Q: 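Here you go, one structure.
Because only heavy atoms are used, hydrogens play no part in the values below, and waters and symmetry mates are left out as well, while side chains stay in. Numbering of residues begins at 1 and proceeds along the displayed sequence. Worth saying up front: this structure is predicted, and the values here are computed from it rather than measured.
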Amino acid sequence: MRTPFNLSFPSAIVWLLTLIQLPVILPAMGQEEHDFMHELYDRQNDSPLQQKFRKIAPVPAGVVYIQRPGEGEKEIREHFKKMKALGFTNLKQIMTLPDWDHEAIQLIAIEEGLIPWWYGEGGWEPITDKLLKKLGIDEDLPMDKVRLHPEMIAYQMEVMKERVKTYGAHYRKTGSREAFRGSSSAYDPIVGERGLDLSEAGKNLFVGWAKENYKTIERLNHAYNQHHHGLAAGGKAFESWDDFEKRWESYNHRELRIIRDMLRFKADYGIQTLEERVREFRALDPDAPYRAGGELGLFRPHAYFGVNFPGIAAAMRNSGSFYPSIHFTWHFDQVRDELGPMVYLQASYINDMFKGGWAGGWETTGGPQQFGGEKFGQNNKGFTVDAPEMEQFTLSMLAAGFKGWGLWSWSVRTAGAEVGEYALLDHHNEVTDRAIAVGKIARAMQKYREEIWSLRKEPQVGVFFDWDNDAIWTALSMKGQDSLRYRPMEARVGLSRALINKDIPFEFVTPEDIRAGLAGRYPIIYMPAILALNQDLLPLLDRYVNEGGQLVLDMLGAWMDTYAALFPRGPGSPFAQLFGTVLREYQYSGINRDWKLRGRELTGSIADLRVEKARVMEAFDNGKPAVTLMKKGQGKAVIIGFEASRACFRRGNREAEEHLTELLVELGARSPLSSDQAIVYRLAGPEVDHYFLMNEQDRDIHALLEINGLNYSRMEDAITGDELDPGQPVMLEAHGARWLRLIR
């Protein structure tokens with residue numbers, strides 16, 4: 001059972017609460033009163049293509065069809081009829097026998113009412129007034145009726161048939177399908193493998209990248225800290241671009257910014273290559289969406305792989321959809337194969353990097369699996385994936401903001417690697433309980449597609465993510481401990497876990513979001529393990545606090561800037577003025593000295609804080625400041641002088657989680673709807689809010705819901721349509737989930 005929240009605060013904290021101006025906190029607590037800037041959120045990745053998606057509102061529920069030996073047209077049609085009857089809308093992918101081609105099976109799918117691509121109706125021709133007039137459809141007809149109009153469906157299916165013919169002609173002309181996949185994976189080692197590896201071509205291109213980014217050799221020398229002791233390449237700074245081209249590979253191994261740049265160059269080059277592939281794709285088919293972002297586990301150190309997920313998302317703004325791969329044996333090693341909340345966290349990470357854009361789970365698991373997986377995971381790893389697990393899996397993706405998914409797979413591979421794995425059907429092609437359960441969810445997705453596209457998170461906490469910070473951690477790891485490159489991920493996971501376990505809504509926020517004016521969307525912005533803090537953000541963060549935001553920084557925080565130089569945190573610095581505290585240096589707990597807080601032993605970095613204008617919220621057991629709070633303008637800036645978020649990385653650290661969420665609740669974070677028995681995720685809509693309840697226990701439970709500050713007229717199960725009493729417990733099957741609609 002989930003541990004109920006302990007409301008017995010220490011007396012020092014109660015005393016502090018009496019000093020803080022509660023009228024400042026209360027507006028942040030009022031979910032209805034806070035401006036979550038939904039319109040500005042939607043504008044972050046606005047484009048004609050994204051507008052088309054919003055108008056059509058596709059929520060594909062797709063599966064991969066793998067053709068078995070002996071399956072001909074009759075058997076294929078039987079498969080497709082079963083898919084459609086269960087509620088599935090499209091084929092995420094088609095895997096044919098050697099003597100069949102995709103085009104034949106695609107045309108059969110269209111005839112059976114299935115769209116033979118991952119994007120479903122997202123690949124429709126745009127619905128314009130001109131098209132409506134052409135089809136004789138009333139221009140004033142509501143869009144949900146337009147999409148279901150027989151003339152529109154018939155027309156768009158003909159568009160799909162023409163696409164099949166166009167692709168077939170292209171394949172016959174080129175002799176290759178690879179160049180026209182319509183998708184790209186995140187990790188694509190074009191100019192070098194992971195880490196510091198660069199091909200010869202990559203080395204030459206890196207010089208041009210550096211010149212383009214720094215413009216002058218003086219700016220490059222400053223960025224590469226050539227004016228600091230012991231960091232000049234070969235004992236002297238670069239004298240010219242010609243000199244840099246000749247000597248850059250002899251950079252001082254202690255210099256970290258150039259390592260960051262090598263990683264960023266590979267990421268930028270990958271995005272440039274992606275954009276070229278998209279142009280080739282859209283030259284042949286301007287209406288079909290492209291997808292990018294998959295095939296790299298989301299708990300891996302992305303900077304180390306030369307991958308920039310926010311950059312990939314931005315490239316999809318005008319091109320299509322952003323997606324991850326989520327397979328249990330492949331993508332959960334770094335969190336010790338924990339599923340449940342980690343699925344939601346993965347999907348949220350992708351969704352939140354593409355604010356306002358179409359994100360979905362276009363490469364996700366479909367059934368039990370016991371072989372394969374990452375080489376670095378535990379041995380003999382397997383998962384039960386039955387109906388409850390698939391309900392929780394697919395609903396977690398919807399809860400995170402995904403608008404559709406594609407499951408691998410409908411039917412199993414019949415020989416070779418992955419034989420008998422991952423599928424919705426069993427080994428004998430018989431429909432399973434999980435296929436039926438997911439089909440019911442698919443039908444509800446279609447029923448409420450307009451609502452799904454109107455839903456947005458209303459985050460109480462913005463979890464700050466900066467690619468540069470991850471890259472500096474990675475640069476440190478190259479000459480130090482490999483584990484360092486995982487630290488920022490562990491801190492984000494820890495913070496997110498604590499928030500999930502208290503049903504507090506959160507969203508990832510990036511420097512680009514803050515520069516775009518979205519900081520005010522978040523009552524609290526939490527910066528977990530931001531070792532390298534961008535100095536350019538300080539004025540924006542200062543403004544955020546002055547205007548009523550609550551900024552929280554934990555350790556390791558602001559050790560360096562994003563050029564890997566010591567961050568200015570001393571007296572009179574903008575940092576000290578913002579936080580009212582000088583961060584003098586860092587100590588460490590857990591090896592030669594144990595630091596304690598409330599009797600709990602801490603592990604990791606400890607901040608040496610000297611309070612100036614701030615208040616001490618809490619002290620270490622030795623009396624030194626542990627948490628400081630600076631009241632500034634209408635907001636507050638808090639330093640947590642230990643690794644509060646990373647302490648929650650592994651599940652089961654309840655004491656650390658309670659301590660962290662207790663602080664955030666004091667700052668105004670709240671749960672719009674919570675339960676002591678189940679995890680609750682919320683998406684807010686104009687008239688209907690959607691809630692997703694997850695049961696992490698191995699027994700059926702009855703979850704009592706506590707609604708905080710929101711008014712609803714009724715509640716119903718989105719899948720069954722049954723009306724429920726909000727005052728009565730909601731039953732959840734062991735390991736299962738429920739999808740609820742609460743109507744205002």
Side-chain angles (χ1 to χ4, degrees), residues 45 47-50 52-53 58 60 62 64 91-95 102-103 106 116-120 122-123 160 163-194 198-199 201-202 204-206 208-209 212 263-296 298 302 305-325 350 353-354 357-363 404 406 408 467:
N45 284 290
S47 70
L49 185 60
Q50 299 302 325
K52 167 195 159 180
F53 296 150
V64 175
L91 299 177
K92 202 286 285 189
Q93 196 170 342
I94 297 170
M95 313 289 285
H102 285 78
E103 291 75 51
Q106 286 174 325
W117 292 284
W118 63 268
Y119 42 71
M160 297 294 172
R163 179 169 294 149
V164 171
K165 295 175 183 177
T166 299
Y167 289 7
H170 174 79
Y171 298 145
R172 288 188 291 275
K173 179 180 178 181
T174 62
S176 172
R177 296 175 183 271
E178 188 66 20
F180 200 64
R181 286 170 32 183
S183 66
S184 292
S185 57
Y187 176 54
D188 192 354
I190 306 167
V191 290
E193 301 290 339
R194 67 189 73 174
L198 280 176
S199 65
N204 294 330
L205 290 167
F206 174 69
W209 179 93
E212 180 180 351
L263 301 173
R264 185 55 183 257
F265 156 70
K266 288 196 281 190
D268 287 355
Y269 192 84
I271 293 169
Q272 178 183 327
T273 302
L274 166 62
E275 290 171 340
E276 291 172 358
R277 290 173 178 169
V278 169
R279 283 193 292 270
E280 293 174 1
F281 178 80
R282 293 184 68 78
L284 186 64
D285 192 342
D287 290 326
Y290 197 95
R291 62 184 171 101
E295 303 302 340
L296 177 59
L298 297 181
H302 300 146
F305 281 76
V307 169
N308 179 2
F309 272 103
I312 295 172
M316 290 296 98
R317 180 182 301 124
N318 298 300
S319 310
S321 185
F322 186 43
Y323 81 107
S325 298
I350 290 295
M353 296 298 154
F354 200 30
W358 186 22
W362 310 130
E363 178 67 36
W408 181 282
W467 189 93

Q: Please round to the nearest 0.5 Å and tell me the distance separating atom NZ of Lys266 and atom CG of Asp188.
A: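 Separation between the atoms: 12.0 Å.
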Q: Give a yes or no on this: more than 12 heavy atoms of other residues, nucleotides or ligands lie within 6.0 Å of atom CZ of Phe53.
A: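 Atom CZ in Phe53 is crowded, with more than 12 foreign heavy atoms closer than 6.0 Å.
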Q: Strictly below 4.0 Å, N to O, side chains only: are Glu363 and Lys92 in salt-bridge contact?
A: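 Salt bridge between Glu363 and Lys92, a charged N being under 4.0 Å from a carboxylate O: yes.
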Q: Kindly give the heavy-atom pair with the smallest separation between Gly122 and Pro58, and that separation in Å.
A: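 Reported closest heavy-atom pair: N-CB, 3.5 Å.
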Q: Working note: Asn308 + His302, criterion side chain to side chain contact (heavy atoms under 4.5 Å, CB included); need CA distance, chi angles, decisive distance, verdict.
A: CA-CA 7 Å; Asn308 179 2; His302 300 146; over 6 Å; no
Q: Calculate, to the nearest 0.5 Å, the distance between atoms OH and CG belonging to Tyr167 and Asp285 respectively.
A: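 Those atoms lie 3.5 Å apart.
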Q: Looking only at heavy atoms, what is the nearest atom pair of Pro289 and Gly123, with distance?
A: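 So the two residues come closest at CD-CA, 3.7 Å.
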Q: Working to the nearest 0.5 Å, report the span between CD of Glu275 and OH of Tyr290.
A: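 It is 11.0 Å, given to the nearest 0.5 Å.
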Q: Salt bridge (charged side-chain N to carboxylate O under 4.0 Å, His left out) with Arg194: which residues, sequence neighbours excluded?
A: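 Expected list: none.
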Q: Please confirm whether the backbone N or O of Gly168 pairs with a side-chain atom of Lys173, one donor and one acceptor, at under 3.5 Å?
A: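 Absent.
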Q: Are any side-chain N or O atoms of His102 and backbone N or O atoms of Ile94, one a donor and one an acceptor, separated by less than 3.5 Å?
A: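 At least one qualifying donor-acceptor pair exists.
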Q: Can you find a heavy atom in the side chain of Thr166 that is under 4.5 Å from one in the side chain of Val164?
A: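 In short, these two side chains do not touch, never coming nearer than 4.5 Å.
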Q: Is it true that the side chains of Tyr323 and Glu295 contain a donor and an acceptor less than 3.5 Å apart?
A: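 Glu295 and Tyr323 do not have a side-chain donor-acceptor pair below 3.5 Å.
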Q: Which pair of heavy atoms, one from Ala186 and one from Val307, lies closest together, and at what distance?
A: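 Minimum heavy-atom contact is O-CG2, 3.5 Å.
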Q: For Gly120 versus Pro60, what's the shortest heavy-atom pair and its separation?
A: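 That would be N-CG, 4.0 Å.
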Q: Would you call Val191 and Phe206 a side-chain contact if the rule is heavy atoms closer than 4.5 Å?
A: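 They are not in contact (no side-chain heavy atoms under 4.5 Å apart), so the answer is no.
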Q: Evaluate the side-chain proximity of Gln93 to Trp118: yes if any heavy-atom separation is below 4.5 Å, no if none is.
A: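 SC-SC contact between Trp118 and Gln93 ruled out.
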Q: Sequence neighbours left out, cut at 3.5 Å: what donor-acceptor pairs do the side chains of residues 312-321 make with other protein atoms?
A:
{"residue": "Arg317", "atom": "NE", "partner": "Asn45", "partner atom": "OD1", "Å": "3.0"}
{"residue": "Arg317", "atom": "NH2", "partner": "Asn45", "partner atom": "OD1", "Å": "3.1"}
{"residue": "Ser319", "atom": "OG", "partner": "Ala315", "partner atom": "O", "Å": "3.1"}
{"residue": "Ser321", "atom": "OG", "partner": "Trp358", "partner atom": "O", "Å": "2.6"}
{"residue": "Ser321", "atom": "OG", "partner": "Trp362", "partner atom": "NE1", "Å": "2.8"}

Q: Could you please spell out the steps behind the side chain to side chain contact (heavy atoms under 4.5 Å, CB included) verdict for Ser325 and Trp408?
A: CA-CA 10 Å; Ser325 298; Trp408 181 282; over 6 Å; no
Q: Do Thr273 and Arg277 pass the side chain to side chain contact (heavy atoms under 4.5 Å, CB included) test, and can you show the C-alpha distance, the side-chain angles, and the key distance before you say yes or no?
A: CA-CA 6 Å; Thr273 302; Arg277 290 173 178 169; 3.8 Å; yes
Q: Tell me, do Gln272 and Leu205 make a side-chain contact under 4.5 Å, heavy atoms counted?
A: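 No, their side chains stay 4.5 Å or more apart.
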Q: Measuring only between side-chain heavy atoms, which start at C-beta, is Ile190 closer than 4.5 Å to Tyr269?
A: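 A side-chain contact under 4.5 Å exists here.
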Q: Over all heavy atoms of both residues, which pair between Ala359 and Phe354 is shortest? Give the atoms and the distance, please.
A: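 Shortest heavy-atom contact: N-CD2, 4.3 Å.
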Q: Start with the C-alpha gap between Trp209 and Arg264, add the side-chain angles, then the distance that decides, and say whether side chain to side chain contact (heavy atoms under 4.5 Å, CB included) holds.
A: CA-CA 10 Å; Trp209 179 93; Arg264 185 55 183 257; 3.9 Å; yes
Q: Would you please classify the geometry between the Phe322 ring and the Phe309 ring as parallel, tilted or perpendicular, with 30° and 60° separating the classes?
A: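 Ring orientation, 0 to 90° scale: tilted.
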Q: Tell me if a side-chain donor or acceptor on Lys52 pairs with a main-chain N or O of Asp287 at a distance below 3.5 Å.
A: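 Yes, the answer is positive, given that a donor and an acceptor are paired below the 3.5 Å cut-off.
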